[in-house]
There are 2 protein chains.
Amino acid sequence: MSKREALVEAAKSLLWERGFHAMSPREVLQRSRAGQGSLYHFFSGKEELAAVAMSAVAEEVSRRIEVTCGPGTGSGIDRLERFLMSDRDALRGCRLGRMAQDPDLPESLRSSVATAFERLRSVLERAVQDAQREGALHPDLDASALADTIIAVVQGGYVLARARGENEPMARVTGAMSALLMLLKPPQNEPVVARAPLGRPRSRKSAKRRT
Amino acid sequence: MSKREALVEAAKSLLWERGFHAMSPREVLQRSRAGQGSLYHFFSGKEELAAVAMSAVAEEVSRRIEVTCGPGTGSGIDRLERFLMSDRDALRGCRLGRMAQDPDLPESLRSSVATAFERLRSVLERAVQDAQREGALHPDLDASALADTIIAVVQGGYVLARARGENEPMARVTGAMSALLMLLKPPQNEPVVARAPLGRPRSRKSAKRRT
DNA sequence: GTCTATAGACAGATAGAC
DNA sequence: GTCTATCTGTCTATAGAC
């Protein structure tokens, strides 16, 4: 492994474990067994190294989701279920979500995180649409918004898990969300006459839109 | 306002805006117009000041939720709706959730965050139970897990909003979650004969439990 | 109680030899 | 390309005068 690769690998693990500010050149150098010279030879400084590392992480995460939950890996509802119930080390935190919450995060890293979340939403949106087509999910649901909501539940699971210092809240909320989806099968095919309206009249998109 | 109060107020705002590590004594001192002496007279150091500030924030947030969404403030479903649709400056971030994600956060601050989330869950769990009693929400749902899931959606909304650099994802996911709840009215009262089972057989609690 | 001055450690970056 | 030595700034904390 080249020194450059070693530096990026060290940066990736440190970003995950300790965040951007605590990813000091000193520690990166120790882990990668490279000297200062190498770091500043390949990169303009700490930020560029971190940006390259973050970009790699985003690509890895995106690709993995696409492979495991993309179209062709099962029914829509199965893919949603598979995503929700993936094994997660909640206390370790999400490599993407944690960065998003860092107030000091430079824009060069944030944009990678944003792109990864976009790709993830795209995969889940497709799964929701398939589930609706397959009759496993209520057709009135906004696929794009529901996809983001499923992502939000997982991200929130990380937050609650870290707050409590236990993994349990993650399984708790992903399990509940999964149960919710199971309850949301559309009305049965038999000719149903004028069932009660589904919730009060409201736009299916978010009701408020700020700025 | 005493110097001590001024220090705590400065710490509270800095924790929110910039996080724990960036809350430097230097900046706290500038904002509070106190000198180094005052800080180290009232507190053992940065960490103790931050812990006191965080505890105050947690208390404020908890109390506000209890006042606006607690029992006696409307029907269960209205209280859940009110919580989900509260005005939030998503880009500014959640004072509690952001701290939870900080890898460098000392235990003395984390525990305050944990307590606040516990109180919040308690308020929402009560609202879910009331909604179920009032026939506005499906009785099969686990009230405690659903309460945590609603919290998770909001926390995830913050993450997605910050990742994208826009407020919009917050309204998007809270709106979608709200719509989901509206679809989850229990089966109508009319004697329904043998409707299809609600989702596949599964425990209502989280399906997996780690550790 | 509150202040200023200063210590000691480490951050991020540069210089220059090999 | 890779190294070591060094620079400058900031961090958290302490000292000691008023």
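A note on names: the letters A, B, ... follow the listed sequences, proteins ahead of strands, and every chain is numbered from 1. This is a predicted model, so every value here is computed, not measured.
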### Query
So does B:Asp130 pair up with B:Arg79, basic N to acidic O under 4.0 Å?
yes
### Summary
note: B:Arg26, atom CZ; D:dT12, atom C1'; distance rounded to Å ~ 13 Å
### Task
With sequence neighbours left out, write down each residue that passes side-chain hydrogen bond (donor to acceptor under 3.5 Å, both in side chains) with B:Ser75, or none if nothing qualifies.
B:Asp78
### Message
Filter on ring pair (Phe, Tyr, Trp, His ring centres under 6.0 Å), then keep only pairs touching residues 8-39 of chain A, sequence neighbours left out; what's left?
### Response
A:His21-B:His21
## Note on the structure
The complete set of salt bridge (Lys or Arg N to Asp or Glu O under 4.0 Å) pairs with one or both residues in residues 63-77 of chain A, sequence neighbours excluded, reads A:Glu59-A:Arg63, A:Glu66-A:Arg119
### Query
Expressed in angstrom and rounded to an integer, what is the separation of A:Lys46 atom NZ from C:dT14 atom C1'?
17 Å
### Query
Could you give the CG-to-P distance, from B:Leu14 to D:dT12, as a whole number of Å?
11 Å
### Query
How many Å lie between CD on B:Gln30 and P on D:dT10, as a whole number?
11 Å
Atom pairs under 3.5 Å: protein N/O with N/O of nucleotides 1-4 of chain D:
from: D:dC3; atom 1: OP2; to: A:Gly35; atom 2: N; distance (Å): 2.4
from: D:dC3; atom 1: OP2; to: A:Ser38; atom 2: OG; distance (Å): 3.2

### Query
B:Leu39 CG to D:dT14 C1': how many Å, rounded?
13 Å
### Query
Between atom CG in B:Leu29 and atom P in D:dT12, what is the gap in whole Å?
11 Å
### Whole angstrom value for the distance that separates P of C:dA13 from CG of A:Leu49
11 Å
## Note on the structure
B:His21 NE2 to D:dC11 P, in whole Å, measures 9 Å
Taking only distance into account, with no hydrogens and no angle test, what donor-acceptor pairs under 3.5 Å do side-chain atoms of residues 147-165 of chain B form with protein atoms, sequence neighbours excluded?
from: B:Asp148; atom 1: OD2; to: A:Arg172; atom 2: NE; distance (Å): 2.6
from: B:Thr149; atom 1: OG1; to: B:Ala145; atom 2: O; distance (Å): 2.7
from: B:Arg162; atom 1: NE; to: A:Ala100; atom 2: O; distance (Å): 3.0
from: B:Arg162; atom 1: NH1; to: B:Leu91; atom 2: O; distance (Å): 2.7
from: B:Arg164; atom 1: NH2; to: B:Glu166; atom 2: OE1; distance (Å): 3.0

### Task
Kindly state each residue pair satisfying salt bridge (Lys or Arg N to Asp or Glu O under 4.0 Å) with at least one member in residues 44-57 of chain A, sequence neighbours excluded.
none
